[in-house]
There are 2 protein chains.
Amino acid sequence: MRAIIASRNSILRLSKYKNALNRFQKLGYVRVFSDILADAVGGTSAQVRKDFSLFGIKGNKRGGYNADELLGKLNDILGKNTRQSVIIAGAGKIGMALVKYKGFENEGISIVAAFDIDPAKIRQGGDIPVFPLDELKAFVKTNDIRIGIIAVPDIAAQQVFEIMVSSGIKGVLNFAPIRLKETADVVVNNVNVELELENVIYFVNALERTGSK
Amino acid sequence: MRAIIASRNSILRLSKYKNALNRFQKLGYVRVFSDILADAVGGTSAQVRKDFSLFGIKGNKRGGYNADELLGKLNDILGKNTRQSVIIAGAGKIGMALVKYKGFENEGISIVAAFDIDPAKIRQGGDIPVFPLDELKAFVKTNDIRIGIIAVPDIAAQQVFEIMVSSGIKGVLNFAPIRLKETADVVVNNVNVELELENVIYFVNALERTGSK
DNA sequence: CGTTAAAAGTGAAAAAAATCACAAAAAAGT
DNA sequence: ACTTTTTTGTGATTTTTTTCACTTTTAACG
């Protein structure tokens, strides 16, 4: 298929449109307009249209976008038409919170197994099994998993990352507050709560100092 | 003080430099260079220097930056010299994972209380008390809290946000996968794990389709 | 000391992203 | 059917961010 050059941010926006659209659809909307989407997602209507334009998504002038059709196209672009199996390294607080989280299933994402070094955490009973970390490689290979989540302490993160990559994992969502030494053929996104919280604090302070009218 | 116009991203980078610096300092580094920092954080040395330049941070030509001094300045800019008290709404999986997380304390961030509607979750015994949601407003007011974390289901998020804002909270870190209807004088950052994971999946697929050499 | 080499600092240039603004289409109204 | 109004689609423009490339300073070395 045609390769689309897209920035991380524009893809992130497409996902947001898709999520908003899902909600609109549940509310019975048949047609949606760029300004409605903009507003749901926190942008401008021009940007919505530009994004769509960039990905070759067409609407109807004066008629907006057909919700079903648009959703189909977005899902297509985002690769949401095939279910994705994901593993987690680290069965601590964050790891287990993710395992228990219901939201992924609706999005075609299945967390199929977790792995941990701590023998106390191993458990095959529950809906999602927790295996010893040693078994990660074999599991990933036999089940052809391509996406992994790192939810281990920062000190172990790089090591776990390398195990994942050598197992054949191509995309990683990293919760450890550490920059992973990446290679070009593996995609890494970072979720760093500390950083985000610090950022909020900074802007609250900054707002207080300056914009205090 | 002088008001610095800074983008969210540049502040995020400053935080990263600060975190990297903390690690370097623990390893005994007395002087650091822009390329070392760049590398630790995943950027270019030019960008590090530009960022510092923008905030009036000076180093020594040929001598780099004194680690202590630089850290002091970064902490100063980021407002890390005063401890920040934070509350959490939602004592579910995510909320409790955050409460238990040790990383905040080192950063001068204290989670002082959690709140939940579910009476079963109320508990005053532990290190961090969980109060009924009703009491949030009073608590925030009497303790003069300015930062809140939203870790409630998406359906309740907007409502909780409004309670927070009306209580005097000025900055929010939102974990609900919903765009909060914000006002200009409140800072909101979003952490959306689903979105990030979808993004990883997209780029893995995209890489597979195109760059498959 | 004087020379060399390494690194900061920063305007200028380039690239990337967002916004504007308006023509074209088509739904709705009369 | 014709007119009006609304909304898309997109080239052009503007703004923002990043990178370049060169000057200046100073540590290190002989």
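To find a chain, count down the sequence lines: A is the first, B the second, and so on, and within it residues start at 1. All heavy atoms count here, side chains included; hydrogens, waters and symmetry mates do not.
Atom CG of B/L37 and atom C1' of C/dA8 are 13 Å apart (whole Å). Following rounding to the nearest Å, A/Y17 (OH) and D/dT8 (P) show an atom-to-atom distance of 12 Å. Remark: P of D/dT8 and CD1 of A/I57 are 13 Å apart, rounded to the nearest angstrom. Atom CG of B/L70 is separated from atom P of C/dA8 by 11 Å (rounded to the nearest Å). Regarding B/L12, its CG atom lies at a distance of 13 Å from the P atom of D/dT17, rounded to whole Å. Computed from coordinates, the B/D51 CG to C/dT10 C1' distance equals 13 Å when rounded to whole Å. Counting to the nearest Å, the P atom of C/dT10 and the CZ atom of B/F52 are 13 Å from each other. Note: CG (B/N66) to P (C/dA8) measures 13 Å, nearest angstrom.
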With the criterion being N/O to N/O and under 3.5 Å, what pairs connect the protein with nucleotides 25-27 of chain D, and how long is each?
unit_1: D/dT26; atom_1: O4'; unit_2: B/K61; atom_2: O; d: 3.1
unit_1: D/dA27; atom_1: OP1; unit_2: B/N60; atom_2: ND2; d: 3.4
unit_1: D/dA27; atom_1: N3; unit_2: B/R62; atom_2: NH1; d: 3.1

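Residue contacts shown for A/I36 are absent, as no nucleic acid heavy atom lies under 4.0 Å away. Within 4.0 Å of B/S45, counting heavy atoms only, lies no atom of the nucleic acid at all. The residue B/S7 sits close only to the backbone: its heavy atoms come under 4.0 Å of sugar-phosphate atoms, none of a base. At a threshold of 4.0 angstrom between heavy atoms, the contacts of A/Y65 are confined to the sugar-phosphate backbone, with no base atom among them. Contact annotation for B/S10: no contact, since no heavy-atom pair falls under 4.0 Å across all strands.
Listed by chain and residue number, nothing satisfies the salt bridge (charged side-chain N to carboxylate O under 4.0 Å, His left out) test with A/E162 (two or more places apart in sequence, or in another chain). With sequence neighbours left out, the ring-ring contact (aromatic ring centres under 6.0 Å, His included) criterion links A/F139 to A/F115, A/F131.
Comparing A/N9 and A/R49 by the nucleotide of DNA chain C that holds the closest heavy atom to each, the one mapping nearer the 5' end is A/N9. With DNA chain C read from its 5' end, the first of the two nearest nucleotides for B/D35 and A/R8 is the one closest to B/D35.
A donor-acceptor pair shorter than 3.5 Å can be found between the side chains of B/D51 and B/Y17.
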- Task: Kindly indicate, with the supporting measurements, whether the criterion side chain to side chain donor-acceptor pair (under 3.5 Å) is fulfilled by B/N81 and B/D76.
- Result: CA-CA 6 Å; B/N81 294 327; B/D76 210 45; 3.0 Å; yes

- From CA spacing to verdict: side chain to side chain donor-acceptor pair (under 3.5 Å), B/K137, B/S166: CA-CA 8 Å; B/K137 195 163 191 160; B/S166 75; 3.1 Å; yes

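An OP1 or OP2 oxygen of C/dG9 is reached within less than 4.0 angstrom by no side-chain nitrogen or oxygen of B/S53. An OP1 or OP2 oxygen of D/dT7 is reached within less than 4.0 angstrom by no side-chain nitrogen or oxygen of A/S34. When the side-chain nitrogen and oxygen atoms of A/K58 are compared with OP1 and OP2 of D/dT10, one or more of them lie within a distance under 4.0 Å.
Remark: the backbone N or O of B/L173 is not paired with any side-chain donor or acceptor of B/N189 at under 3.5 angstrom. In terms of modelled atom types and a separation under 3.5 Å, the side chain of A/K80 and the main chain of A/E107 share a donor-acceptor contact.
The A/K50 side chain lies nearest to C/dT19 when the options are C/dT19, D/dT18, C/dA12. Considering only side-chain atoms of A/F33, the nucleotide from D/dT7, C/dA18, D/dT18 that sits closest is D/dT7.
Using cut-offs of 30° and 60° for the angle between ring planes, the B/Y29 and B/F24 rings count as tilted.
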